[in-house]
Amino acid sequence: IALSSEGVCLWFRNFSQKNNLRDLSPVVLLDIDTKNIDISFYHREKLIFTRSVAFLAADLNSAKLDSLVEEFRKTFATLQRDQVVSEIGKIYIASAAPESSLLADKLRQEFPCAIELVNPLREISFEKGLMVPPVLHQGNCSGSAILGLVLGAEQEGIGPLFHPDRRAG
């Protein structure tokens with residue numbers, strides 16, 4: 001598992017626990033990053049499969065979404081054939097990019113399950129005086145991977161990873 005996938009997994013575990021999600025059927029998390037999209041299947045809060053697809057966040061437009069949905073469809077079909085999953089209970093799309101709604105709309109046309117857009121920054125609060133990395137506010141980067149790694153580090157007693165902004169001002 002790549003470091004970013006580990007971060008996404010830690011974030012999703014935290015998100016699931018915080019929101020009391022009880023996934024009786026497998027759920028999918030599509031995590032949108034600058035240069036790729038992680039497709040991760042979870043069941044009972046455990047990662048059962050992950051795959052990274054080379055797809056630019058900037059390509060989240062109606063002209064290029066068909067190729068991404070086709071990659072997702074092939075991944076799901078392979079997991080069904082190999083009897084890893086038989087159905088999808090819900091699809092989560094983790095992104096702050098407004099264009100993510102186009103992907104959600106396209107997936108709703110193709111898959112008969114609930115689809116939810118999740119902004120990883122939505123429920124994160126930062127103490128006053130802490131410097132929040134600007135990259136977290138960009139919609140085309142994986143806020144869930146970054147936040148997951150921070151959450152994991154803090155759980156292991158390594159954090160905090162966000163330090164006070166010491167610039168004069």
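The first residue of the sequence shown is numbered 1, and numbering continues consecutively from there.
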Thr50 and Ile39: side-chain contact (heavy atoms from CB on, under 4.5 Å), yes or no, with the steps?
CA-CA 6 Å; Thr50 187; Ile39 301 172; over 6 Å; no
Compute the ring centroids of Phe72 and Phe111, then answer whether they are less than 6.0 Å apart.
yes
Do Ile88 and Val27 have side chains that approach each other closer than 4.5 Å (heavy atoms only, starting at C-beta)?
no
Salt bridge (charged side-chain N to carboxylate O under 4.0 Å, His left out): which pairs involve residues 85-105, sequence neighbours left out?
Lys90-Glu116, Asp105-Arg108
Are Leu117 and Ser101 close enough, and set up right, to give a side-chain contact (heavy atoms from CB on, under 4.5 Å), and what steps lead you there?
CA-CA 7 Å; Leu117 285 165; Ser101 63; 4.0 Å; yes
Parallel, tilted or perpendicular: ring planes of Phe76 versus Phe41, cut at 30 and 60 degrees:
parallel
Between Ala54 and Asn36, the two heavy atoms sitting closest are CA-CB, 4.3 Å
Distance in Å, Leu68 CG paired with Asp59 CG, rounded so as to fall on 0.5 Å steps:
9.5 Å
Would you compute the distance between atom OG1 of Thr78 and atom CZ of Arg51 and round it to the nearest 0.5 angstrom?
8.0 Å
With Ile93 as reference, evaluate Asp31, Leu103, Ile37 under the side-chain contact (heavy atoms from CB on, under 4.5 Å) test and give the passing residue.
Leu103
Beyond-backbone contact of Leu107 with Val69, side-chain heavy atoms, under 4.5 angstrom
yes
Any chance you could measure Gln80, atom CD, to Thr75, atom OG1, to the nearest 0.5 Å?
11.5 Å
Is there a side-chain contact between Tyr92 and Leu30 in this structure, where contact means two heavy atoms from C-beta onward sitting under 4.5 Å apart?
no
4.5 Å side-chain heavy-atom contact, Ser40 and Val28:
no
Indicate yes or no: at least one non-hydrogen side-chain atom of Leu60 is less than 4.5 angstrom from one of Ile32.
yes
